[in-house]
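Written below as structure tokens is the structure these notes are about.
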Amino acid sequence: MTLFELSRDYRDSAAALRGRIVELRGTYAGLDREDRIRMDARIRMLTAMWREARDLAVLCERYYDRGYRRNGKYTI
């Protein structure tokens, strides 16, 4: 598997995570206070995972491009 192929997998995962976040936000209105607190924590976790997948997709996609300035978060 190449990095470019891996980037497509990350993009697919990011899209699935984003869809789930939107779905959970849609059910937010009918919840009581305790459930909203739990839902907020879940949405925050999914949002972090979505950001990571999105960033890694770009990193893998453009890893070998000359002049690409890599995200400092993922470099040593």
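Worth knowing before you read on, the calculation uses all heavy atoms, side chains too, and leaves out hydrogens, waters and symmetry mates.
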Might you point out which heavy atoms bring [X] and [Y] nearest each other, and give the distance in Å?
X     : Y     : value
Ala53 : Ala14 : CB-CB, 3.9 Å
Leu31 : Thr27 : CG-O, 3.5 Å
Tyr28 : Arg36 : O-NE, 3.6 Å

Rounded to the nearest 0.5 Å, how far does [atom2] of [Y] lie from [atom1] of [X]?
X     : Y     : atom1 : atom2 : answer
Leu17 : Asp12 : CG    : CG    : 11.0 Å
Asp55 : Trp50 : CG    : CH2   : 9.0 Å
Leu46 : Arg51 : CG    : CZ    : 11.5 Å
Leu59 : Leu6  : CG    : CG    : 9.5 Å
Thr47 : Arg25 : OG1   : CZ    : 5.5 Å
Arg42 : Ile21 : CZ    : CD1   : 10.5 Å

Practice task
Might you confirm whether atom CD of Glu23 has over 12 heavy atoms from other residues, nucleotides or ligands at distances under 6.0 Å?
Solution key: yes
Practice task
Would you indicate whether Met39, at its atom CE, is surrounded by more than 12 heavy atoms from other residues, nucleotides or ligands within a distance under 6.0 Å?
Solution key: yes
Handout entry: Tyr10 side chain reached by Val58 side chain, heavy atoms, under 4.5 Å
Key = no
Problem - Beyond-backbone contact of Arg18 with Arg54, side-chain heavy atoms, under 4.5 angstrom - result: no
Exercise for the section: Before giving the answer on side-chain contact (heavy atoms from CB on, under 4.5 Å), spell out for Cys60 and Tyr63 the whole-Å C-alpha distance, their side-chain angles and the decisive distance to 0.1 Å. Expected result: CA-CA 5 Å; Cys60 290; Tyr63 186 80; 5.8 Å; no
Exercise for the section: Establish whether Met49 and Leu24 are linked, either directly or via other cluster members, by ILVMFWY side-chain heavy-atom contacts under 4.5 Å. Expected result: yes
